[in-house]
Amino acid sequence: MGFKINGYIIGGVFMVAISAFCGVKLYEKWKPNEEVMSLYDYYDMTEAKDSTSAKLIIGTHLSTNDIMIDNSVKYMDYEMAKRLNDRIFIDEEKSMFIFTTPTEVIKIPVDSTSYTVNGESQTASAPILKKVDDIYYIDMAFVEKYSDFTYESFDSPNRVLIKYNTGEDSLIGTCKDGATVRFMSDKKSKILEKIGNNEKVIIDTVGTDTSTGYTKVVTTDGVIGYVKDSEITKSDYEKYSNPNYTASEYTSIHKDFVSLAWASLTNQKANSNGAAKVKNVKGVNVISPTWMTVAGENGEVSEWCSNDYVKAVHNAGMDVWIVVNDLEPNTKTANVLKDTDKRETLEKNIVNKVKEYNAEGVNVDFECVTVESSPYYIQFIRELSVLCRKEKLVLSVDSYVSMPYNAFYYRDKVAEVADYVVIMGYDEHHSNSEEIGSNASISWTKKGIDNSIADGVPKEKLVVTIPLYARLFGTPEGEEGFTDCISYDMNEQQTLIKEENLTPTWDADAMQNFVLYGKDGKRWKMWMEDNKSIEEKLKVIKEAGIAGTGFWQLGYASSDVWDVVANYTK
């Protein structure tokens, strides 16, 4: 009997031991990890490195670009600074940082405490711009002064947390007392830190996998990790606001409604003949003569302006915005814009000529901008705007109808600093097109409006222009495509109709009359511009509530078209 009892006892003890062992294993399996990860390990930092650099947390992400620390000054790299404020510009050839405000051009040389504001010398307590291993670094305090972001610094290890305006609301979570921030979304992952009661965290909505039961967050001291969903008591969307930031105010000169007509004047003789045409114009309040072009390689301009012409325009009750273009075939304008000294010379030459001839403004018509030259073009417009604002001159800038292939004109950036963005509402079909079609159908006019607004051009700065000419396309019989593309002004179109005895037909889609006929073994077709088509475009422009319209060009108009224009531009 005793043996059997002892056997039961031994068996029971064994079962208890097994149960205890299994319990321990289960506890170990489900027990949260209490091991704390060093933030030096987390950020892959050493104390030696800590004295010369800091990790950068921007929004909800740990940047691969560190902050450089030199004599206690924190510097961010140019790439990051440009992301936070795209008005920051580096002239690499001169190792110079240039920043424009509405009224200032600030030039800061590398590794120097001296810099200039509108040419006047200033002194900083430490260099604002540094260059290390071909990378430019800019004082964070300087960038913050002019930008919509704030930053906080933390130590052990050094790190900087940037909060900035992304254009969207941020999701902010409120945590329980002692909420645990882990390295990964797993309770077995090491602890980064524990946070206090009601402490707020930024929730990374993109980086959170909702199936894990954890939420990816950024703490107030810049630690990125994961918190259990149950430890976040509530979450609300909040808009970032920097109470110390005031956006730059770009003052503008505005008319109630701009009605601009370009005058193609290529020499002094043309000025004499062109002045007479101004007298017949109705419904126009701005004349833009094509009087200046970039010339040479040092910022010079060629000009054939006329005081008499300006007086004639003024006597007719209209303003003058002098055109400067980049169409001189032997001038490499991109080389001028890329060089800060040459670009500045060009800007001053333009403004001085506009003032010399008592004009009210300038109309920039740069049609040879490329992806590569775009940054220099935008900087040119920004710097030119400072001079124009100082001299109270209108700055209008021409651009193509906005399409993906010409996005590098950055109409939104131009609109930020210019008084007007003038969309050249023609060239829908031209000599290099794949098929024949209208030079400017009603849908093209609408695209000029809608695409520009979508690109960020405010209605109050948007001027969409209308062509006073059309294109005649010739296609050999039995073939596709075309071999001929000939421009006709409004009077020439009417002469063609009479000579060929044609009857125009209305195209309800294009909102234009068209003519189609055969001659010399070819089919000829032209979508015309006449009073009716001009009126339809003017209706769309007026109904859109934009800043104005314009016309290319004075010499192309039939005399009766100005009565139609006057009805819509009062």
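We count residues from 1, following the sequence as given.
Listed for the Asp419 side chain is a donor-acceptor partner under 3.5 Å among the backbone atoms of Leu395. Proximity of a side-chain donor or acceptor of Arg411 to a complementary backbone N or O of Val457 within less than 3.5 Å is not detected. In this structure, Tyr146 contributes its side chain and Ser248 its backbone to no donor-acceptor pair below 3.5 Å. For Lys342 (side chain) and Asn335 (main-chain N/O), no donor-acceptor pair under 3.5 Å exists by modelled atom type. The backbone N or O of Ala54 sits nowhere less than 3.5 Å from a side-chain atom of Asn158 that would complete a donor-acceptor pair. A donor-acceptor pair under 3.5 Å is formed between the side chain of Thr549 and the backbone N or O of Val464. Of the possible donor and acceptor atoms, one in the side chain of Thr212 sits under 3.5 Å from a partner among the backbone N and O of Asp209. The closest donor-acceptor contact from the side chain of Lys459 to the backbone of Ile453 lies at 3.5 Å or more, if one exists at all. Of the possible polar contacts, one joining the Asn165 side chain to the Gly167 backbone as a donor-acceptor pair under 3.5 Å is found. Listed for the Ser189 side chain is no donor-acceptor partner under 3.5 Å among the backbone atoms of Ser185.
Checking each of Trp444, Tyr409, Phe408 against Tyr400 for a ring-ring contact (aromatic ring centres under 6.0 Å, His included) leaves exactly one that passes, namely Tyr409. No option in Asp412, Asn451, Asp455, Asp450 other than Asp455 meets the side chain to side chain donor-acceptor pair (under 3.5 Å) test with Ser402. The salt bridge (Lys or Arg N to Asp or Glu O under 4.0 Å) with Asp66 is formed by just one residue from the set Lys74, Lys55, Arg159; it is Lys55.
The heavy-atom pair separating Ile138 from Val143 by the smallest distance is CG2-CG2, 3.6 Å. In plain terms, the two heavy atoms of Asp91 and Tyr136 that are nearest each other are O-OH, 4.5 Å. Closest approach of Asn363 to Ser396, counting heavy atoms only: ND2-OG, 3.0 Å. Across every non-hydrogen atom of Val351 and Cys388, the tightest pair is CG2-SG, 4.3 Å. Of all the heavy atoms in Leu192 and Gly225, the pair that sits closest is CD1-CA, 4.1 Å.
For Lys446, the salt bridge (charged side-chain N to carboxylate O under 4.0 Å, His left out) test picks out no residue, with sequence neighbours left out. For the ring pair (Phe, Tyr, Trp, His ring centres under 6.0 Å) test, no residue two or more places apart in sequence or in another chain qualifies with His61. Among residues two or more places apart in sequence or in another chain, the ring pair (Phe, Tyr, Trp, His ring centres under 6.0 Å) test is passed with Phe257 by none. In this view, Tyr214 satisfies the ring pair (Phe, Tyr, Trp, His ring centres under 6.0 Å) rule with no residue, not counting sequence neighbours. By the ring pair (Phe, Tyr, Trp, His ring centres under 6.0 Å) test, Tyr226 pairs with no residue at all, sequence neighbours left out.
A distance of 13.5 Å separates OG of Ser385 from NZ of Lys390, quoted to the nearest 0.5 Å. Rounding to the nearest 0.5 Å places CG of Asp221 at 8.5 Å from CG of Leu161.
A side-chain donor-acceptor contact under 3.5 Å links Lys194 and Thr180. Judged purely by distance below 3.5 Å, without hydrogens or angles, the side chains of Ser147 and Tyr164 never pair a donor atom with an acceptor atom. When only modelled atom types and interatomic distance are considered, Thr219 and Glu199 share no side-chain donor-acceptor pair under 3.5 Å.
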Please list every donor-acceptor pair under 3.5 Å in which a side-chain atom of residues 96-108 meets a protein atom from a residue at least two apart or in another chain.
from   : atom 1 : to     : atom 2 : distance (Å)
Thr101 : OG1    : Thr103 : N      : 3.3
Thr101 : OG1    : Glu104 : N      : 2.9
Lys107 : NZ     : Glu344 : OE2    : 2.6

Report the C-alpha distance between Thr340 and Arg343 in whole Å, list the side-chain angles of each, state the deciding distance to 0.1 Å, and finish with yes or no for side chain to side chain donor-acceptor pair (under 3.5 Å). CA-CA 5 Å; Thr340 293; Arg343 187 176 63 248; 3.2 Å; yes
Please step through side-chain contact (heavy atoms from CB on, under 4.5 Å) for the pair Thr150 and Asn244, ending with a clear verdict. CA-CA 9 Å; Thr150 54; Asn244 300 318; 5.7 Å; no
Apply side chain to side chain donor-acceptor pair (under 3.5 Å) to Asp326 and Thr333, showing your working. CA-CA 6 Å; Asp326 64 343; Thr333 306; 4.8 Å; no
List the steps, then state whether side-chain contact (heavy atoms from CB on, under 4.5 Å) holds for Ile69 with Ser53. CA-CA 5 Å; Ile69 302 175; Ser53 66; 5.6 Å; no
Could you give me the CA-CA distance, side-chain angles and deciding distance for Phe380 and Tyr376, then say whether ring pair (Phe, Tyr, Trp, His ring centres under 6.0 Å) is met? CA-CA 6 Å; Phe380 161 69; Tyr376 311 110; over 10 Å; no
side-chain contact (heavy atoms from CB on, under 4.5 Å) between Ile172 and Asp236, intermediate numbers included: CA-CA 5 Å; Ile172 306 298; Asp236 295 291; 5.8 Å; no
I'd like to know whether Thr174 forms a side chain to side chain donor-acceptor pair (under 3.5 Å) with Asn198, so could you lay out the CA-CA distance, the side-chain angles of the two residues, the decisive distance to 0.1 Å, and finally the verdict. CA-CA 5 Å; Thr174 303; Asn198 293 326; over 6 Å; no
Does the pair Lys94 and Asp341 meet the rule for a salt bridge (charged side-chain N to carboxylate O under 4.0 Å, His left out), with working shown? CA-CA 10 Å; Lys94 291 184 170 57; Asp341 293 338; 3.7 Å; yes
Evaluate the criterion salt bridge (charged side-chain N to carboxylate O under 4.0 Å, His left out) for residue pair Lys200 and Glu238; output intermediate values, then yes/no. CA-CA 12 Å; Lys200 291 187 176 183; Glu238 296 181 8; 3.4 Å; yes
Steps toward salt bridge (charged side-chain N to carboxylate O under 4.0 Å, His left out) verdict (Glu79, Lys82): CA-CA 5 Å; Glu79 179 184 324; Lys82 186 79 172 174; over 6 Å; no
What verdict does the salt bridge (charged side-chain N to carboxylate O under 4.0 Å, His left out) test give for Lys176 and Glu231, after you've listed the backbone C-alpha separation in whole Å, the side-chain angles of each residue and the deciding distance to 0.1 Å? CA-CA 5 Å; Lys176 292 181 179 178; Glu231 293 182 323; over 6 Å; no
Set out, in order, the CA-CA distance, both residues' side-chain angles and the distance that settles side-chain contact (heavy atoms from CB on, under 4.5 Å) for Asn325 and Asp398, then state yes or no. CA-CA 10 Å; Asn325 64 47; Asp398 299 343; over 6 Å; no
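In this pair, Tyr420 and Trp321 present their aromatic rings parallel. The plane angle is below 30°, not in the 30 to 60° band.
Salt bridge annotation for Lys413-Glu416: absent, with no cationic side-chain nitrogen under 4.0 angstrom from a carboxylate oxygen.
Summarising the local packing, NZ of Lys131 is surrounded by more than 12 heavy atoms from other residues, nucleotides or ligands at distances under 6.0 Å. No more than 12 heavy-atom neighbours from other residues, nucleotides or ligands sit within 6.0 angstrom of CD on Glu249. Around atom CZ of Phe183, no more than 12 heavy atoms belonging to other residues, nucleotides or ligands sit under 6.0 Å away. Within 6.0 Å of atom NZ in Lys216, more than 12 heavy atoms from other residues, nucleotides or ligands are found, so the atom counts as buried in its surroundings.
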